[in-house]
Structures are given as C-alpha cells and as structure tokens.
> 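Below is one structure. I have some questions about it.
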Amino acid sequence: VGNGYVERRRTLNELLVLFQQLDDIDQKICYSDTRGESTKNLAASIGMTPRSVELRRNKILEHFGLRRTIDIVILLARLAEHGLIEPLDS
C-alpha cells in the first residue's frame with residue numbers, strides 16, 4: 001500500500017560517512033545544535049549571518065534526509081554513543 005517507496009534506514013557507518021563529508025563549518029553547526037546554542041550566537045562565533053547558518057542547516061538536513069534540527073541532535077548522540085565521534089559536550 002502507498003506509493004511504493006520504501007525508506008531504508010541507514011546504518012551507523014553510513015551516517016558516519018555522511019557526517020564526515022560535511023565541512024568544518026557544517027560540523028560546527030551540528031555540534032552547536034547538540035548544545036542548544038542559538039543561531040545568532042553561533043553565527044557571530046563563526047563569522048556568518050544567522051540567515052547563512054539557517055541555510056546551511058537546511059542543507060545539512062537535506063544531506064542526511066532529515067526534517068528537523070532535533071534529528072541532527074539525535075544522529076550525533078547515536079554516533080557518539082557508539083564511539084564513532086567524540087563524546088558530545090553536556
């Protein structure tokens with residue numbers, strides 16, 4: 001039933017590869033999301049406008065096939081939990 005499209009869940013290793021494909025700025029955006037840092041503060045710390053950060057975050061979501069920022073947080077938490085990336089800051 002449905003349109004015939006079946007979404008396949010990616011393995012942790014596939015997600016790690018996707019994360020490693022991000023440049024340093026995009027990885028900083030992901031990590032800042034895990035800390036709940038505001039877009040405005042992040043933008044100021046990396047020398048970008050808040051709008052530019054938002055646009056990059058949307059591209060990150062697209063890259064992973066995600067819809068919400070919280071999904072980035074969950075993704076990084078899973079990778080960290082399995083020792084695939086450094087532990088997240090509290």
Side-chain angles (χ1 to χ4, degrees):
V1 184
N3 63 5
Y5 174 76
V6 177
E7 184 174 338
R8 182 182 70 84
R9 288 190 61 161
R10 291 187 170 112
T11 67
L12 284 175
N13 284 333
E14 289 170 328
L15 292 170
L16 176 62
V17 168
L18 288 173
F19 181 71
Q20 291 171 334
Q21 289 172 350
L22 299 176
D23 67 19
D24 289 344
I25 297 290
D26 289 343
Q27 287 187 15
K28 284 181 185 178
I29 291 170
C30 290
Y31 279 114
S32 79
D33 289 340
T34 69
R35 294 186 302 272
E37 188 174 352
S38 74
T39 299
K40 183 178 178 180
N41 287 344
L42 172 63
S45 73
I46 59 177
M48 298 177 79
T49 66
R51 180 69 180 141
S52 293
V53 170
E54 290 170 3
L55 290 171
R56 288 185 79 134
R57 185 178 289 120
N58 286 336
K59 290 287 185 187
I60 293 165
L61 289 168
E62 230 176 80
H63 179 72
F64 286 109
L66 301 173
R67 293 189 180 144
R68 304 167 302 162
T69 302
I70 188 65
D71 295 326
I72 294 172
V73 175
I74 293 167
L75 166 68
L76 265 64
R78 285 183 61 210
L79 292 173
E81 179 182 313
H82 288 86
L84 299 172
I85 61 173
E86 292 296 317
L88 302 178
D89 296 338
S90 53

> Between Ala43 and Pro50, which heavy-atom pair has the shortest distance, and what is it?
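Smallest heavy-atom distance, with atoms named: CB-N, 3.6 Å.
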> Measure the spacing between CD1 of Ile72 and CZ of Arg67 and express it to the nearest 0.5 Å.
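The CZ atom of Arg67 is 14.0 Å from CD1 of Ile72, to the nearest 0.5 Å.
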> If hydrophobic residues (ILVMFWY) are linked whenever their side-chain heavy atoms come closer than 4.5 Å, directly or via other members, who joins Ile74 in its cluster?
Ile70, Val73
> Would the distance check show the side chain of Glu54 and the main-chain N or O of Thr39 forming a donor-acceptor pair, the cut-off being under 3.5 Å?
no
> Please determine whether a side-chain nitrogen of the Lys or Arg among Asp33 and Arg57 lies less than 4.0 Å from a carboxylate oxygen of the Asp or Glu.
yes
> A side-chain contact here means heavy atoms from C-beta on lying under 4.5 Å apart; do Phe19 and Leu84 qualify?
no
> Looking only at heavy atoms, what is the nearest atom pair of Cys30 and Ile60, with distance?
SG-CG2, 3.8 Å
> Under 3.5 Å, is there a donor-acceptor pair between the side chain of Arg56 and the main chain of Arg51?
no
> Taking Ile29 as the fixed residue, which of Leu22, Asp23, Val53 is the one that meets the side chain to side chain contact (heavy atoms under 4.5 Å, CB included) rule?
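Only match with Ile29 under side chain to side chain contact (heavy atoms under 4.5 Å, CB included): Val53.
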> Can you measure from CG (Leu16) to CZ (Arg10) and round to the nearest 0.5 angstrom?
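If we round to the nearest 0.5 Å, Leu16:CG and Arg10:CZ are 13.0 Å apart.
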> More than 12 foreign heavy atoms under 6.0 Å from CD of Gln21: is that the case here?
yes
> Within a strict 4.5 Å, meaning less than it, do heavy atoms of the Ser45 and Glu37 side chains meet?
yes
> Please check if Tyr31 and Leu66 belong to a single hydrophobic cluster, counting links between Ile, Leu, Val, Met, Phe, Trp and Tyr side chain heavy atoms closer than 4.5 Å.
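Linked within one cluster.
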> With a 4.5 Å cut-off on side-chain heavy atoms, are Leu42 and Ile46 touching?
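Answer yes - side chains close enough.
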> Which pairs pass side-chain hydrogen bond (donor to acceptor under 3.5 Å, both in side chains) with one or both residues in residues 68-78, sequence neighbours excluded?
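side-chain hydrogen bond (donor to acceptor under 3.5 Å, both in side chains) check on residues 68-78 returns Arg68-Asp71.
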> Which heavy atom in Phe64 sits nearest to a heavy atom in Leu15, and how many Å separate them?
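Heavy-atom minimum between the residues: CE2-O, 3.8 Å.
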> Tell me whether His82 contacts the main-chain N or O of Leu12 through its side chain, where contact means a donor paired with an acceptor under 3.5 Å.
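No.
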> Once rounded to the nearest 0.5 Å, what's the spacing between atom CG of Leu88 and atom OG1 of Thr34?
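The CG atom of Leu88 sits 5.0 Å away from the OG1 atom of Thr34.
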